[in-house]
2 protein chains.
Amino acid sequence: MPREASRGLNSAINVCRLRGAQMTPLRQGVLKALWSADRPLGAYDLRDLVEKAFDRQIPAPSIYRILDFLCEQGVATRIESLNAYVACGHPERDHACVFLVCEACGDATEIENPKVEKLISEDAKRLGFVVKHQVVEMSGLCAPCQQAS
Amino acid sequence: MPREASRGLNSAINVCRLRGAQMTPLRQGVLKALWSADRPLGAYDLRDLVEKAFDRQIPAPSIYRILDFLCEQGVATRIESLNAYVACGHPERDHACVFLVCEACGDATEIENPKVEKLISEDAKRLGFVVKHQVVEMSGLCAPCQQAS
DNA sequence: TTATCGAATGATACATTGTTGCATTCACTG
DNA sequence: CAGTGAATGCAACAATGTATCATTCGATAA
């Protein structure tokens, strides 16, 4: 696992601990798998990885529960358009994620843009709508994949 | 079906015709079901509705192919966070949809905000990323449901 | 230490959503 | 009327997600 990922993982674990949220071995295992991956992973991909790491079978519901937990803690994010999950780089800030999802290589880059959140929230407010969770995912081609094609 | 929906349906049919895209009876049936609904419908919900309307069985792959077609034509949109589909109100303009999805009543309101698209596209451009499709979905509570709770 | 209690996980079965591959039908065109 | 490509039918299956209940684990308090 690259150093940056290692830092991200530790940071996430600390964030959870500070909140009093239990970071169990299995939860750490799932989060570690997410940090080790270079692309979003599906729940069953994660199950396979964690089963190998723990050398035993893990039931699907456990994986889903753990993913729910990690997303609630803000240390992972579900990418709706892929039915997949990624580790989140800055869980300490309560923020909204924006992803650039490459159709070719499958990589999902998280970008930060608080303006987007504000812009939409204002529109929503005008309609009396209270936003609780935002999904912003742009699919297309990343720079390397454009050149490759 | 309300008048507005009826207009929307006809407009969508015309848009497709003008493009030379075949608007077959089955495709119209699916689109009509979408326009008649007051909330996003899943592929299998749609299948049930269209089966009743046509009084015969429809295979799931047909529904999915038709939904793909309708989305490509811009007369319907998939809401990723719900695995569901809605009719799109203005297919003539090539636009990006932004949805407000109410967790309580399930309704999905489409709002227009070209600024959002621009804002993110600029960020993407800076990274050399070419956006082909955008998913912007805000979940929360609509005004009526806030009062109800 | 031990009883207890809630959180987390295990286990089984199942529901929902989406796809593959190939056959058939249909409408248009030469 | 034959040929062609688009659309649909059909069967089986794959992938994703959930419901339910049992069990284990870990902290806390008697």
Side-chain angles (χ1 to χ4, degrees), chain A residues 13 16-17 19-34 39-51 53-73 75-86 103 106 135 137 139, chain B residues 13 16-17 19-34 39-51 53-73 75-86 103 106 135 137 139:
Chain A
I13 292 172
C16 291
R17 288 230 175 95
R19 288 182 192 143
Q22 290 189 50
M23 188 46 101
T24 64
L26 206 50
R27 287 172 173 175
Q28 279 193 37
V30 172
L31 191 53
K32 183 174 178 183
L34 284 176
R39 61 185 175 81
L41 295 177
Y44 285 81
D45 296 334
L46 281 163
R47 177 162 83 154
D48 291 347
L49 290 170
V50 177
E51 283 185 341
F54 285 68
D55 194 29
R56 64 181 177 89
Q57 292 210 307
I58 314 276
S62 290
I63 298 294
Y64 281 100
R65 281 183 299 227
I66 287 169
L67 286 169
D68 287 347
F69 168 85
L70 296 175
C71 290
E72 272 170 23
Q73 294 296 321
V75 298
T77 305
R78 175 177 166 85
I79 298 189
E80 297 290 346
S81 55
L82 296 176
N83 295 339
Y85 301 80
V86 291
E103 291 168 351
V135 174
E137 299 164 10
S139 66
Chain B
I13 292 172
C16 291
R17 288 230 174 94
R19 287 181 194 143
Q22 288 189 51
M23 187 47 96
T24 65
L26 207 49
R27 286 173 173 174
Q28 279 193 35
V30 172
L31 191 52
K32 183 175 177 183
L34 285 176
R39 61 185 174 84
L41 295 176
Y44 284 81
D45 296 334
L46 281 164
R47 178 162 82 155
D48 291 345
L49 290 170
V50 177
E51 283 185 339
F54 285 68
D55 195 30
R56 67 181 176 87
Q57 293 211 307
I58 315 278
S62 290
I63 298 293
Y64 280 101
R65 282 183 300 228
I66 287 170
L67 287 169
D68 287 347
F69 168 85
L70 296 175
C71 289
E72 273 170 23
Q73 294 296 320
V75 298
T77 307
R78 176 178 165 84
I79 299 190
E80 297 290 346
S81 55
L82 296 176
N83 295 340
Y85 300 81
V86 290
E103 292 168 352
V135 174
E137 299 163 12
S139 65

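Protein chains get the first letters and strands the later ones, always in sequence-line order, with residue 1 at the start of each. The structure displayed is predicted, hence computed values, not measured ones.
Between B/Leu34 and B/Tyr85, the closest side-chain pair of non-hydrogen atoms falls below 4.5 Å. Looking only at side-chain heavy atoms (C-beta outward), B/Cys16 and B/Val75 come within less than 4.5 Å of each other. With a 4.5 Å cut-off on side-chain heavy atoms, A/Ile79 and A/Glu137 count as touching. Taking the side chain as every heavy atom from C-beta outward, A/Arg56 and A/Glu51 never approach each other to under 4.5 Å.
Ranked by how close their nearest DNA chain D nucleotide is to the 5' end, A/Ala43 and B/Gln57 are led by B/Gln57.
Under 4.0 angstrom from either OP1 or OP2 of C/dT16 there lies no side-chain N or O belonging to B/Asn83. Taking 4.0 angstrom as the limit, A/Arg78 places a side-chain polar atom (N or O) nearer than this to OP1 or OP2 of D/dG17. Note on A/Ser62: every side-chain N or O is 4.0 Å or more away from OP1 and OP2 of C/dT9.
Atom CE of B/Met23 and atom C1' of D/dT8 are 16 Å apart (whole Å). Rounded to an integer number of Å, the gap from A/Arg27 CZ to C/dA7 P is 11 Å. D/dA15 atom P lies 17 Å from atom CD1 of A/Ile63, rounded to whole Å. Taking atom CZ of A/Phe69 as the reference point, atom C1' of C/dA8 lies 10 Å away to the nearest angstrom. Atom P of nucleotide D/dT8 and atom CD of B/Glu51 are separated by 15 Å, given to the nearest angstrom. The interatomic distance linking A/Leu82 (CG) with D/dT16 (P) rounds to 11 Å, in whole Å. One interatomic measurement links the two molecules: CD1 of B/Ile58 to P of D/dT8, which rounds to 10 Å at whole-angstrom precision. D/dA7 atom P lies 14 Å from atom CD of B/Gln28, rounded to whole Å.
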Heteroatom pairs (N/O) under 3.5 angstrom, protein to nucleotides 18-29 of chain D:
none

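A/Arg56 comes within 4.0 angstrom of the backbone, heavy atoms only, and of no base.
Distance check, rounded to the nearest 0.5 Å: CG of A/Leu70 to OG1 of A/Thr77 gives 10.0 Å.
Counting only heavy atoms from C-beta on, B/Pro59 has its side chain closest to D/dG9 among C/dG10, D/dT8, D/dG9.
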Only distances under 3.5 Å count here; give the side-chain donor-acceptor pairs of residues 39-48 of chain B to other protein atoms, sequence neighbours excluded, each with its distance to 0.1 Å.
unit_1	atom_1	unit_2	atom_2	d
B/Asp45	OD2	B/Gly42	N	3.1
B/Arg47	NH1	B/Ile58	O	3.2

Report all side-chain donor-acceptor pairs from residues 25-32 of chain B shorter than 3.5 Å, counting only partners two or more places apart or in another chain.
unit_1	atom_1	unit_2	atom_2	d
B/Arg27	NH1	B/Gln22	O	2.7

